[in-house]
Amino acid sequence: MTIDFQNIFQSPVSDKYSKLFYFFLACIPALMLLNFIFTYGVDVPYWDQWTALADLLHRKYTSQIFLRDLFTQHNEHRIFSLRIIVLLTTHLINDWNIKLELFISFTIVTFTAFTLGSLATKDLENPTRFSNSSIHFLGISIFISNLLLFSISQYENWLWGFQIAWFLVVLLLCISIRSLLIFNSTGRFIHFTVAFLSCWIASFTLAQGLFCWLASSPMFLTAKLSGRKRYIATTLWGIGFITSTILYLAGYNKPDSHPSLGYSFSHPLNALNYYFNLIGGSFGKVTGYYPLGLGIIFTLALLFFLITFFYQSNSNIKEGYLPWISISFYVVIFSILTTLGRAEFGSLQALASRYSTISFLIPIALINLWRISFARGSFLSRKKSYLLVSVFLIGFLFSSYISGYSDGFLKAHQHRNRLSRGKACLEVYKHMEEPAAKKCLETTLFPDSAFLIKEAEKLQEIGFLNNLDELLEPNVLSVTSNTDYLGEIVSPKTVSIITNDSESSRVIEFSGWADRFFAVSDQSIQGLVFLKSSISNQFFAIGDIQRQSLSSGSSSESQSYSEKGSWYITVPIEALPVEDSIISAYLYDLNSHIFHSLNGQAELYVLNN
């Protein structure tokens, strides 16, 4: 039985309204992502930004920067492009604004979406005269592509300015393929030059940027290029790849923390598990064998289209396949080499959110290969079983996307709260006891608090992190009395501890309430609670404010029950003061950088064993 799929999407509406509808539909994922960045972005340097960029900025503003500093190896990468972007943005606004970097990432992906949309339009036989079915196929595929490109399951890259490089490499890959597609049609070397430069820049953006040369190579399989032009182009392309690789490897040192490359060969099953998890982990769902199974499905689907390509008699369909085969080829190369370098870390590491930016390109490529097969009348479009399998897989992937989307929100919420807490500790660390400051900074911003503080003081020296100017002074602490009754410490009223207690793991839980405005919510986190004793001017513990109210115990009725949020701070006995004292609680406003003293207190009695 055969079905004429060309008539399935026929529509009585005009092309003009169909295009307008699909344009606005394609914009929805980007607008949702923009709101996500506004809500969850935190303006504080995080992890690699302290090691790779903080000192660079200090060198730049103290006239100690050299060209070699821009090419210095970071892990296995040459992040020249990222360093240039950060230096330019800080020069323009005279500050290091991390949230601005998040919006730069958004802008880069927006250009990627337009480039992929242009690729999808270009591979149509006559893009200026769409049939109704072509418009619908194209509109749906672009919408799905944008859902993936702007997916929140990539939360780690969206909320970390350092990850600009990941998005930039994908954009440069798409520009390269798009330019080669035009070069194949026109033979004009200006387009070849754009592709060449895109791969060259990508090579010094991240290590995987080198793969752009290899991934773009299938574009030279086109039948449109003459023999002479194909020879010149492929020769120059090979020279570009070899030259950039040699420059990249000059002075290269394998990072000590990275596992052995031989692990994958001695443990092939573990390597395969890692590879398929990496391919299928783009949706962010990490339970059971789901990513592994999805990775196998994607791999089989890609092999199916590759076989179709080589046995396809329709030259127009083969030409349409080329860009998407190149894009999927990039993911395959990336996944294989990442597996060789990371498999020893275990398959869970393959599910890291940052890899989604690359692995999402596989379903995007497959969707467009599917679209071309239908829209151009491939023999596949006449197979009923192909339609049924396609509908099933699309439904399956959509449900997976929804699951990954919600999981991304949850993890982004946790990520924002962690960075907000780290930012507060960075602002007031000189008002915190050393163990408390060390624990807070190392569990939120960077694992070496001494190094972090040194780099933060360098940034302050050149005028960055301006909100630290007064807060870093150990004798300056802005505290307001609680005239508005913003909260109180409720429990315990008294605490008795015995010195040298054998129960070293014993802890004390302090709890209370604070104005719900300062509580952690889906939209923001406005405040934190700090604890301080009467015998010290430094805080010894910190905690979040939750939106759930205390079930009982509040001694005040000055605020309605619904306006109260609760806070709980668990403190190990060894972190408490060593003599009798009064424990007080303070609310720290993350926006005004002011402490508000809360009502109530806890009496601490220290008994000798």
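Being a predicted model, the structure only gives us computed values, none of them experimental. Position 1 is the first residue of the sequence; numbering continues from there.
- The list of salt bridge (charged side-chain N to carboxylate O under 4.0 Å, His left out) pairs with a residue in residues 198-217, not counting sequence neighbours, is empty.
- Between Glu461 and Lys458, no side-chain nitrogen of the basic residue sits less than 4.0 Å from a carboxylate oxygen of the acidic one, so the salt-bridge criterion is not met.
- Thr89 places none of its side-chain heavy atoms less than 4.5 Å from the side chain of Ile93.
- Ring-plane geometry between Phe241 and Trp213 is classed as tilted, the angle between the planes lying from 30 to 60 degrees on a 0 to 90 degree scale.
- At least one donor-acceptor pair under 3.5 Å links the side chain of Ser264 to the backbone N or O of Thr339.
- Judged by distance alone, the side chains of Glu101 and Trp96 do bring a donor and an acceptor atom under 3.5 Å apart.
- Within the 4.5 Å cutoff, no side-chain heavy atoms of Asn368 are placed close to those of Leu119.
- The backbone N or O of Glu156 lies less than 3.5 Å from no partner atom in the side chain of Arg354, so there is not a single donor-acceptor pair.
- In this structure a side-chain-to-backbone donor-acceptor pair under 3.5 Å is present from Arg230 to Phe220.
- Proximity of a side-chain donor or acceptor of Asn277 to a complementary backbone N or O of Asn273 within less than 3.5 Å is detected.
- Note on ring orientation: taking the six-membered ring where Trp is involved, the planes of Phe80 and Phe71 are parallel (angle under 30°, cut-offs 30° and 60°).
- Atom CH2 of residue Trp158 and atom CH2 of residue Trp166 lie 14.0 Å apart, to the nearest 0.5 angstrom.
- In this structure, Thr308 and Leu369 have side chains that are not in contact, with every pair of non-hydrogen atoms separated by 4.5 Å or more.
- Contact check for Tyr46 versus Ile98: no side-chain heavy atoms found under the 4.5 Å cut-off.
- The CG atom of Asp48 lies 8.0 Å from the CD1 atom of Ile79; values are rounded to the nearest 0.5 Å.
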*Verify side-chain contact (heavy atoms from CB on, under 4.5 Å) between Cys212 and Ser176, making sure each step is shown before the conclusion.*
CA-CA 8 Å; Cys212 291; Ser176 171; 5.7 Å; no
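- Remark: the backbone N or O of Thr72 is paired with a side-chain donor or acceptor of Arg83 at under 3.5 angstrom.
- In this structure, a donor-acceptor pair under 3.5 Å is present between the side chains of Gln349 and Tyr274.
- Contact of the Ile279 side chain with the Ser359 side chain is not registered, since no non-hydrogen atoms from C-beta on lie closer than 4.5 Å.
- Ring geometry for Phe334 against Tyr330 counts as parallel: the plane angle stays under 30°, on a 0 to 90° scale with 60° as the upper cut.
- To the nearest 0.5 Å, the span separating CG on Leu445 from CD on Glu455 amounts to 13.5 Å.
- Judged by distance alone, the side chain of Gln49 and the main-chain N or O of Thr51 form no donor-acceptor pair under 3.5 Å.
- Atom CZ of Phe451 sits in a crowded spot, with more than 12 heavy atoms from other residues, nucleotides or ligands closer than 6.0 Å.
- Here the side chain of Ser353 pairs a donor or acceptor atom with the backbone of Ser153 at under 3.5 angstrom.
- Here the side chain of Lys99 pairs a donor or acceptor atom with the backbone of Phe38 at under 3.5 angstrom.
- Using a 30° and 60° split on the angle between ring planes, Phe150 and Phe106 fall in the tilted class, from 30° to 60°.
- Checked against side-chain hydrogen bond (donor to acceptor under 3.5 Å, both in side chains), Asn270 has the following partners two or more places apart in sequence or in another chain: Tyr263.
- Ser217 is linked by a side-chain contact (heavy atoms from CB on, under 4.5 Å) to Trp237, counting only residues two or more places apart in sequence or in another chain.
- Remark: the backbone N or O of Leu87 is not paired with any side-chain donor or acceptor of Lys60 at under 3.5 angstrom.
- Taking the side chain as every heavy atom from C-beta outward, Trp200 and Thr243 approach each other to under 4.5 Å.
- Using a 4.5 Å heavy-atom threshold, the side chains of Leu67 and Leu70 count as touching.
- In this structure, the side chain of Ser198 engages the main chain of Val194 through a donor-acceptor pair within 3.5 Å.
- Using a 4.5 Å cut-off on side-chain heavy atoms (C-beta onward), Ser105 and Asn157 make no contact.
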